[in-house]
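First up is the structure itself, then whatever we jot down about it.
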Amino acid sequence: MWSMLLLVSIAAVSADPKEFHGDKVFRVFPQNEEHVEIIKSIASNTQLDFWAPETVSLVTVGHRADFRAEYEVVYDIQALLEKSGMPYEIMIGNVQEAVHTQRDSNIRAVHSYVKYNDLDTINAWSANIAAQNSGLVSRSQLGTSYEGRPIYLLKVGKSGSNKKAVVLDCGFHAREWISVAFCQWFVKEAVEKYGSDTQLTNLLNNLDFYVVPVLNVDGYAYTWSTNRMWRKTRSVNSGTTCIGTDPNRNFNAGWCTVGASSRACDDTYCGSSPESERETKALANFIRNNLSSIKGYLTIHSYSQMLLFPYSYSYAVAKDHTELNTVAKNAVSQLTSLYNTKYTYGAGGTTIYLAAGGSDDWAYDAGVKYSFTFELRDTGRYGFLLPESQIQATSQETILAVRSIATHILNNA
């Protein structure tokens, strides 16, 4: 009897979501190679969760780095930083408090566009919005995840022949909840404003938008049930207990050469081979099978307030660099016009850092000329824990940039 109760108790404890009481997010500003080595030394002796850049290997002189440290080591790290003379800030003083306050309320009875919604709620929403707007939205299944969850695809646009198409995906990295919220907002705007908004109506009459509300469905579900800071997929890796692959290091675009890790325990693990993940394979297959119509690819991430285009796996200049830079510039101008949110734009490798295996580089090399990555709000005050109070404004301004890019595609692709 006692053993039965003990097993039940252990199971209950293990099922509890991971908590982050006392964890802090540091922002450091390495001024020289000695500072960089100090950060690498800290990372080698304790488990740091790098937020930006995404791995310690990308920390360089003159570029800030954000990382989360667990409460057991935060004061030791702070003492080391003080002693080294390296400038630093504490961006989030208590991560658990930020996790709690990110959501205005834990009550989630129905779907809301100004709340973060869990996967089951999003799946029910996508079925309902397609059923209620059958002349504009249809739902199909893009694929099935490692854990057997459906990955849904919404086709948004009026029916027509020989239409150009744009792929818009959200939820690559599980903890980037604002990305997932944006895809829902995009579909909302389409169904609510079709017929009354001239620009949007023209886009939907002449383009199809293939929207993936959540690509990394297993990881996203895991951020709700178990670990809010989870990033990767949830696939099992042979020869190790470490779970998951970084889906945005898993494409055949300079795969695993730079800014990615071959170690399964790392957050930027590139996988056992390109497209080893069911989620990335499903997306890649869809794009390959529809290359004749797909002219644009927009992948939504957070955070940093950036609009990036190829290349990220090398410093090579894309053959369409000048045009892509102009498109990005115009899109950022539109985005900034609403709330004066400042964005940086440019080729990924030179604007942020080198990172191989990304979906935007792969799509571009596959023939999708207008391939862009959005890094949504903010610049680090909340990082991945952007409050729900910012969902509406973030989505509204981002829609303007998407409209700008889509209009260019319609007129030029």
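Sequential numbering from 1 along the given sequence is applied to the chain's residues. The figures that follow rest on heavy atoms only: side chains count, while hydrogens, waters and symmetry mates do not.
In this structure, the side chains of Tyr382 and Gln390 come closer than 4.5 Å at one or more pairs of heavy atoms. Side-chain contact between Arg234 and Arg149: absent, with no pair of heavy atoms (C-beta onward) separated by less than 4.5 Å. When side chains are defined from C-beta on, Thr55 does not count as touching Ser261, because their heavy atoms never get closer than 4.5 Å. Between Lys369 and Val327, every side-chain heavy-atom pair lies at or beyond the 4.5 Å cut-off. No side-chain heavy atom of Asn128 sits less than 4.5 Å from a side-chain heavy atom of Trp125. For the pair Met86 and Ile39, the minimum side-chain heavy-atom distance is below 4.5 Å. With a 4.5 Å cut-off on side-chain heavy atoms, Asp360 and Phe372 do not count as touching.
Side-chain contact annotation: Thr341 with Gln305, donor-acceptor N/O pair under 3.5 Å absent. Looking at Asp169 and Tyr297, their side chains do bring a donor and an acceptor atom within 3.5 Å of each other. Under the 3.5 Å distance criterion, with hydrogens and angles disregarded, a donor-acceptor pair is assigned to the side chains of Tyr88 and Glu82. Neither side chain, Arg403 nor Gln334, offers a donor N or O lying under 3.5 Å from an acceptor on the other.
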Would Ile243 and Trp230 count as a side-chain contact (heavy atoms from CB on, under 4.5 Å) here? Give the steps.
CA-CA 10 Å; Ile243 298 296; Trp230 189 257; 4.2 Å; yes

Audit row: Arg249, Asp266, salt bridge (Lys or Arg N to Asp or Glu O under 4.0 Å) steps and yes/no:
CA-CA 12 Å; Arg249 299 294 189 276; Asp266 291 348; over 6 Å; no

Please lay out, stage by stage, how Val214 and Ile151 fare under the test side-chain contact (heavy atoms from CB on, under 4.5 Å).
CA-CA 7 Å; Val214 189; Ile151 305 167; over 6 Å; no

Could you go through Asn285 and Lys281, starting from their C-alpha distance and side-chain angles, then the distance that decides it, and tell me whether this counts as side-chain contact (heavy atoms from CB on, under 4.5 Å)?
CA-CA 6 Å; Asn285 280 342; Lys281 174 70 77 174; 3.6 Å; yes

Show your reasoning for whether side chain to side chain donor-acceptor pair (under 3.5 Å) applies to Arg139 and Ser126.
CA-CA 7 Å; Arg139 189 178 82 158; Ser126 66; 2.9 Å; yes

Candidate pair Val25 and Trp51, rule side-chain contact (heavy atoms from CB on, under 4.5 Å), full reasoning
CA-CA 9 Å; Val25 174; Trp51 287 20; 3.7 Å; yes

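The distance from atom OG1 of Thr394 to atom CD1 of Ile391, rounded to the nearest 0.5 Å, is 8.0 Å. In this structure, CH2 in Trp255 is found 7.5 Å from OG in Ser276, a value given to the nearest 0.5 Å. A distance of 8.0 Å separates CD1 of Ile399 from NZ of Lys193, quoted to the nearest 0.5 Å. Here the OG atom belonging to Ser112 is positioned 9.0 Å from the CD atom belonging to Gln184, to the nearest 0.5 angstrom. The CD atom of Glu70 sits 13.5 Å away from atom NZ of Lys24, with the distance rounded to the nearest 0.5 Å. Taken to the nearest 0.5 Å, the OH atom of Tyr194 stands 9.5 Å off from the CG atom of Asn202.
Other residues, nucleotides and ligands contribute over 12 non-hydrogen atoms within 6.0 Å of the OH atom of Tyr339. Surrounding CZ of Arg263 are at most 12 heavy atoms belonging to other residues, nucleotides or ligands under 6.0 Å away. Remark: Glu97 CD is loosely packed, at most 12 non-hydrogen atoms of other residues, nucleotides or ligands lying under 6.0 Å away. Other residues, nucleotides and ligands contribute only 12 or fewer heavy atoms inside 6.0 Å of the CD atom of Gln47. The 12-atom threshold is not exceeded at OH of Tyr71, counting heavy atoms of other residues, nucleotides or ligands nearer than 6.0 Å. Annotation for Lys155: atom NZ does not count as buried by contact number, only 12 or fewer foreign heavy atoms lying within 6.0 Å. The environment of NZ in Lys18 is crowded: more than 12 heavy-atom neighbours from other residues, nucleotides or ligands sit within 6.0 Å. Taking a 6.0 Å sphere around NE2 of His63, one finds it holds 12 or fewer heavy atoms contributed by other residues, nucleotides or ligands.
Of all non-hydrogen atoms in Ala347 and Pro310, the two that sit nearest each other are CB-O, 3.9 Å. Shown here for Lys164 and Ala413, the closest heavy-atom pair between the two residues is NZ-O, 2.8 Å.
No donor-acceptor pair under 3.5 Å is formed between the side chain of Gln102 and the backbone N or O of Pro387. Of the possible polar contacts, one joining the Asp361 side chain to the Ser312 backbone as a donor-acceptor pair under 3.5 Å is found. Between the side chain of Asp118 and the main chain of Trp224, no donor-acceptor pair closer than 3.5 Å is present. Thr46 places no side-chain N or O within 3.5 Å of a backbone atom of Ile42 that could act as its donor or acceptor partner. With Asn133 contributing its side chain and Leu136 its backbone, the two residues share no donor-acceptor pair below 3.5 Å.
For the side-chain contact (heavy atoms from CB on, under 4.5 Å) criterion with Met306, the lone passing option out of Ile352, Val332, Thr373, Thr379 is Ile352. Among the candidates Thr245, Asp218, Thr233, the single residue satisfying the side-chain contact (heavy atoms from CB on, under 4.5 Å) test with Tyr146 is Asp218. No option in Ile287, Val166, Asn290 other than Ile287 meets the side-chain contact (heavy atoms from CB on, under 4.5 Å) test with Val368.
Ring geometry for Phe251 versus Phe172: interplanar angle of 30 to 60°, hence tilted. Using a 30° and 60° split on the angle between ring planes, Tyr210 and Phe286 fall in the perpendicular class, above 60°. Tyr113 and Trp185 have perpendicular rings, their planes meeting at more than 60° on a 0 to 90° scale where under 30° would count as parallel. Using cut-offs of 30° and 60° for the angle between ring planes, the Tyr220 and Trp177 rings count as perpendicular.
Here Phe209 and Phe186 bring their ring centres to under 6.0 angstrom of each other. You'll find the ring centres of Tyr364 and Phe309 outside the 6.0 Å limit.
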